[in-house]
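Have a look at the structure below before the remarks.
What you see below is based on every heavy atom in this structure, not just the backbone, and it leaves out hydrogens, waters and symmetry mates. Every chain is numbered from 1, with letters handed out A, B, ... down the list of sequences.
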Amino acid sequence: MIFKLFEALDKRFGFERASAHCDIPCGIYDPSGAQIAALTVVRMVDLMAELEAKGGAMDKAFANSMSRYIAVKEEHAEKAKHEIRVIWGDYIKPQHIEKYPQLHEVVHKIMQLGSKSRQTADRDTAVQLVDAVNQFAQIFWETKGVKTKRAKAPYNPPLEMVYPDL
Amino acid sequence: MMRVIKVTGDSLSPEYREGDYVVVATIPFFLNRIQVGDVIVFQQPTYGTLIKKVARVERDGDQFFVVGAHPNSVDSRQFGPIARQALIGRVIWHIPKSIR
């Protein structure tokens, strides 16, 4: 009742505003960016292997393609780490850690695998990165009470991914 | 004397939420008696008019260290304590948007 009165007065006279400012008021967090980035790392490793297997000349066309694959692999491994760090730092709260005590370990594993994926062209490492990011995604959606499902990615590489079952 | 202000943002949530109204007293009688736990409205050079809770009164009442309740609150932990001159008023009446 009193609120309605103030609201009506506000519409009529336009009261001042005071912001209870937050750094991130949007509350939009989603691990899918990290999942796609991790999957891209595997894809780049596959493309590098395919190019090498063609056995052509080590000419400038080869160098150009290979360097592009490497650059994208670098970029997306770092992106996967960044996306996870943001969710971990800004969204994850002590009550989540209490419920999922393995969370810190999963995040640390992602950081390590992301770095190793940049340092090497090892497919197993890149696949492990995808798995670890999927583990994180599963926990993330559980903290929001959203069910998840596992399905193969609808593009190459068709690895099994965790998706929110909306 | 008194000003009515609408709250935007959620850094004082759940006590104060986006859309709530507050009545603030701007007279020295109230401003000279600010204590820890009071909610104040003040001017901040970067963020404009802000509403936060007083966590510490410093320099014999000349500065206030203010915080929000939300972990992502932007407050004195980022921009330092608030000088008395930046004060607009002290909240004396809170009109929440809905009954909680």
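- Within 6.0 Å of atom CH2 in W141(A), more than 12 heavy atoms from other residues, nucleotides or ligands are found, so the atom counts as buried in its surroundings.
- Within the 4.5 Å cutoff, side-chain heavy atoms of Y21(B) are placed close to those of E7(A).
- Heavy-atom contacts from other residues, nucleotides or ligands closer than 6.0 Å to CD of E105(A) number 12 or fewer.
- A heavy-atom distance below 4.5 Å is not found between the side chains of I5(B) and F15(A).
- M66(A) and V72(A) fall within a single hydrophobic cluster, where Ile, Leu, Val, Met, Phe, Trp and Tyr side chains are chained together by heavy-atom contacts under 4.5 Å.
- Counting non-hydrogen atoms of other residues, nucleotides and ligands closer than 6.0 Å to CD of E52(A) gives a total of 12 or fewer.
- Residue contact with chain A, scored on non-hydrogen atoms closer than 4.5 Å, involves the side chain of V23(B) exclusively.
- For K93(A), the part lying under 4.5 angstrom from a heavy atom of chain B is the side chain only.
- Using a 4.5 Å cut-off between heavy atoms, V41(B) contacts chain A through its side chain alone, with no backbone atom that close.
- Contact annotation: the side chain of K6(B) never approaches that of E16(A) to less than 4.5 Å [non-hydrogen atoms, C-beta and beyond].
- Note that NZ of K97(B) and CZ of F6(A) are 16.0 Å apart. Values are rounded to the nearest 0.5 Å.
- In this structure, R68(A) places its CZ atom where only 12 or fewer heavy-atom neighbours from other residues, nucleotides or ligands lie under 6.0 Å away.
- Open room surrounds CD on E98(A); 12 or fewer heavy atoms of other groups in view lie less than 6.0 Å from it.
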